[in-house]
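Scope of the values below: all heavy atoms of this structure, side chains included, with no hydrogens, waters or symmetry mates. All values derive from a computational prediction rather than experimental measurement. Both ligands and their constituent atoms are indexed starting at 1 by order of listing.
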Amino acid sequence: MDKSLSGVERTFQTDEIIVSKTDPTGRIVYANDIFIDISGYTVDEVLGQPHNMIRHPDMPRAVFKLLWERISAGHEIFAYVVNRCKNGDHYWVLAHVTPNFDEAGKIVGYHSCRRTPKRQAVETMSRLYAQLRELESQNDRKAGLEKSSAALQQAVQSLGFASYDRFILSLGR
Ligand SMILES: Cc1cc2nc3c(=O)[nH]c(=O)nc-3n(C[C@H](O)[C@H](O)[C@H](O)COP(=O)(O)O)c2cc1C
C-alpha cells in the first residue's frame with residue numbers, strides 16, 4: 001500500500017451530504033462543512049485547488065474519464081468514488097455530479113453531492129476498481145486507459161445493465 005495512506009476508513013451519516021462546487025476546469029470554488037470535516041483540510045486549503053487534491057490512488061482513471069466525458073457534454077453522472085483525506089485516511093461516497101449552466105446554456109461549473117454508500121456497493125466497487133487499476137498499471141498510459149474503459153463497459157453490460165448509471169443506481173443509495 002502507498003505509504004502516504006493510513007488504511008483507515010472514515011464514514012459519515014446517511015442524512016449528511018458532502019457538497020462541493022467547481023469552476024469549468026474542476027477547481028474547487030465551494031465546499032460545505034461536511035466536506036471540510038471529513039477531508040481534514042481547511043476551507044482555505046481547498047478553495048481554488050483542482051479537485052484531484054483528494055484523489056485516492058485506488059480510483060481507476062477510467063471512472064474519471066467517463067465522469068468528465070459525461071459532465072462536459074452537459075449530462076449528470078452517478079459514481080462511486082473513494083477519496084483520500086489529508087492524513088491518508090479514506091472515505092467512500094456515492095456521488096451525483098451535475099453541470100451548472102448560464103442563461104445561454106454554457107457550462108459555468110459543476111456541482112457534486114455525495115451520500116454515504118451501502119456496504120455491499122462498496123465491496124462490489126472495490127473489487128471492480130481493483131481490476132480496472134490492474135489493467136491501467138499493466139499497460140502504458142494510453143493503452144491502460146483504453147483497456148480499463150472497455151473493461152468497465154463490459155462489466156456493466158455483462159451484469160445486464162444498459163449503462164454505468166443504471167448499474168450504479170441498482171446498487172442502491
Ligand atoms: C464537481 C466535481 C467533483 C469532483 N469530485 C471528485 C472527488 O470527490 N474525488 C476525486 O478524486 N475527483 C473528483 N472530481 C474529479 C477530478 O476533477 C479529477 O478528474 C480526478 O480527481 C482525477 O484526477 P486526474 O484527472 O488528475 O487523474 C470531481 C470533479 C468535479 C467536476
Side-chain angles (χ1 to χ4, degrees), residues 1-2 4-6 8-12 16-43 45-102 106-117 121-122 125-126 128-130 132-149 151-152 164-165 168 171 173:
M1 193 174 73
D2 185 328
S4 70
L5 299 173
S6 66
V8 174
E9 180 170 5
R10 296 190 185 185
T11 55
F12 56 107
E16 291 182 312
I17 304 181
I18 300 175
V19 181
S20 63
K21 296 182 193 176
T22 72
D23 68 11
T25 69
R27 281 188 186 271
I28 301 171
V29 296
Y30 171 80
N32 73 348
D33 290 346
I34 301 169
F35 184 109
I36 294 302
D37 281 353
I38 200 160
S39 71
Y41 290 100
T42 64
V43 175
E45 283 174 317
V46 304
L47 290 186
Q49 295 304 312
H51 220 310
N52 67 3
M53 73 175 292
I54 59 165
R55 189 195 198 299
H56 192 287
D58 283 358
M59 277 304 292
R61 286 193 290 131
V63 173
F64 293 122
K65 177 173 179 277
L66 183 63
L67 180 145
W68 277 103
E69 276 170 8
R70 295 284 296 279
I71 63 175
S72 64
H75 304 297
E76 64 176 358
I77 188 167
F78 291 89
Y80 285 93
V81 179
V82 59
N83 280 324
R84 185 187 185 287
C85 306
K86 185 176 181 180
N87 74 346
D89 292 355
H90 64 274
Y91 57 98
W92 277 92
V93 299
L94 171 53
H96 179 218
V97 189
T98 52
N100 290 331
F101 303 95
D102 67 11
K106 190 174 147 231
I107 294 176
V108 290
Y110 300 102
H111 188 150
S112 179
C113 290
R114 309 168 183 85
R115 292 182 178 275
T116 191
V122 169
M125 298 317 284
S126 308
L128 176 60
Y129 286 180
L132 301 181
R133 276 194 334 272
E134 184 88 359
L135 288 170
E136 290 174 9
S137 62
Q138 278 169 354
N139 295 278
D140 69 38
R141 204 176 160 79
K142 187 163 175 277
L145 186 54
E146 280 166 8
K147 285 186 188 197
S148 169
S149 295
L152 176 59
Y164 178 76
D165 287 84
I168 294 299
L171 295 172
R173 268 177 270 188

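- Tyr91 pairs in a side chain to side chain contact (heavy atoms under 4.5 Å, CB included) with only one of the listed residues (Ile18, Thr116, Val8, Val82), which is Ile18.
- For atom 25 (O) of ligand 1, the nearest protein heavy atom lies 4.0 Å or farther away.
- Annotation for Glu69 and Ser72: closest pair O-OG, 3.6 Å, computed over non-hydrogen atoms.
- Of the protein's non-hydrogen atoms, the one nearest atom 7 (C) of ligand 1 is Asn83 OD1, 3.5 Å.
- Of the options Val97, Thr98, Val63, a side chain to side chain contact (heavy atoms under 4.5 Å, CB included) to Ile77 is made by Val97 and by none of the others.
- Under a cut-off of 6.0 angstrom, the local environment of CG in Asp33 is sparse, with at most 12 non-hydrogen atoms contributed by other residues, nucleotides or ligands.
- When the heavy atoms of Trp68, Tyr91, Phe64 are ranked by distance to atom 29 (C) of ligand 1, first place goes to Trp68.
- In terms of protein heavy atoms, atom 4 (C) of ligand 1 is closest to His51 CD2, 3.4 Å.
- Of all the atoms in ligand 1, the ones that sit under 4.0 Å from a non-hydrogen atom of Tyr110 are 1 (C), 31 (C).
- Annotation: atom 27 (O) of ligand 1 to nearest protein heavy atom, Arg55 NE, 3.3 Å.
- Using a 30° and 60° split on the angle between ring planes, Phe35 and His51 fall in the perpendicular class, above 60°.
- A side chain to side chain contact (heavy atoms under 4.5 Å, CB included) with Leu132 holds for exactly one of Ser149, Ser137, Pro60; it is Pro60.
- Of the N or O atoms in Arg114, one or more lie within a sub-3.5 Å distance of an N or O in ligand 1.
- Contact check for Tyr164 versus Leu152: side-chain heavy atoms found under the 4.5 Å cut-off.
- Summarising the contacts of atom 31 (C) of ligand 1 with Val19, Thr22, Ile54, the nearest heavy atom is found in Thr22.
- Within ligand 1, the atoms closer than 4.0 Å to a non-hydrogen atom of Ile71 are 31 (C), numbered from 1 in the order shown.
- Taking distance alone, with nitrogen or oxygen atoms compared against 3.5 Å, His111 stays at or beyond that limit from ligand 1.
- Of all the listed residues (Val93, Asn52, Ile28), Asn52 holds the heavy atom that lies closest to atom 23 (O) of ligand 1.
- Across Ile17 and Arg115, no two heavy atoms sit closer than the pair CD1-NH2, 3.4 Å.
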